Amino acid sequence: TVKCGSPSLLNKTASLFDLFKQYVVSIILVNVTFYWSHRLLHSKYLYERFHKVHHEFVGVRSMAAQSAHPVETIVEAFPQIIGPMLMQMHPTAILHFFAWRI
């Protein structure tokens with residue numbers, strides 16, 4: 001059976017080697033799934049309805065990433081959690097992973 005999710009806070013954290021392995025696999029999964037979800041948003045249907053908002057932003061370039069339709073925000077949030085969920089990272093490791101990604 002395939003397990004997905006995160007163990008309880010009461011569980012022991014993984015060894016350093018397992019944490020490293022979880023981080024590496026999670027980084028790969030996050031980047032691959034984000035790439036494909038973003039590429040999907042460039043399809044004609046989704047671009048016109050949702051993603052165009054992001055590309056029409058005028059202003060400081062770094063802020064353009066925050067200018068998005070709510071549907072786009074949801075579509076691009078999923079890749080951020082898929083790696084840690086599939087790797088069943090401990091909650092404290094997930095917090096560290098997200099803090100490190102910022």
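Computed from a predicted model, the values in this text were never measured in an experiment.
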Worksheet item: Within a strict 4.5 Å, meaning less than it, do heavy atoms of the S26 and F97 side chains meet?
Response: yes
Discussion item. Distance check, rounded to the nearest 0.5 Å: L41 atom CG versus E76 atom CD?
Written reply: 5.0 Å
Discussion item. Nearest 0.5 Å, please: how far is CE in M89 from CD1 in I81?
Written reply: 13.0 Å
Worksheet item: In terms of hydrophobic clusters joined by side-chain contacts under 4.5 Å, are V25 and F17 together?
Response: no
Worksheet item: Could you give all pairs that pass the salt bridge (charged side-chain N to carboxylate O under 4.0 Å, His left out) test and reach residues 27-49, with sequence neighbours left out?
Response: E48-K52
Worksheet item: If you measure only the distance, is there a donor-acceptor pair under 3.5 Å linking the side chains of H51 and H69?
Response: no
Worksheet, complete the sentence: Residues I94 and P84: closest non-hydrogen pair is CG1-CB, 3.9 Å
Item to complete: Would you name the heavy atoms of P79 and T33 that are closest together and state the gap between them?
Response: CB-OG1, 3.1 Å
Worksheet item: If every non-hydrogen atom of L29 is compared with every non-hydrogen atom of L86, which pair is closest and at what distance?
Response: CD1-CD1, 4.1 Å
Response to the item:
Separation between OG (S37) and CG (L46), nearest 0.5 Å, reads 10.5 Å
Discussion item. As an exercise, state the distance from CZ of R101 to CD1 of I27, rounded to the nearest 0.5 Å.
Written reply: 7.0 Å
Worksheet item: If Ile, Leu, Val, Met, Phe, Trp and Tyr residues are connected whenever their side-chain heavy atoms lie under 4.5 Å apart, and connections chain through other members, are V75 and Y47 in the same group?
Response: no
Fill in: Nearest atoms (heavy-atom pairs only) where Q80 meets F34
NE2-CD1, 3.7 Å
Fill in: Remaining members of hydrophobic cluster (4.5 Å side-chain criterion), V24
F20, I28, V32, Y35, W36
Worksheet item: Is there a chain of hydrophobic side chains (I, L, V, M, F, W, Y, each step under 4.5 Å between heavy atoms) that links M87 to F98?
Response: yes
Item to complete: Check whether Y45 and L40 end up in the same hydrophobic cluster, where Ile, Leu, Val, Met, Phe, Trp and Tyr are linked by side-chain heavy atoms less than 4.5 Å apart.
Response: yes
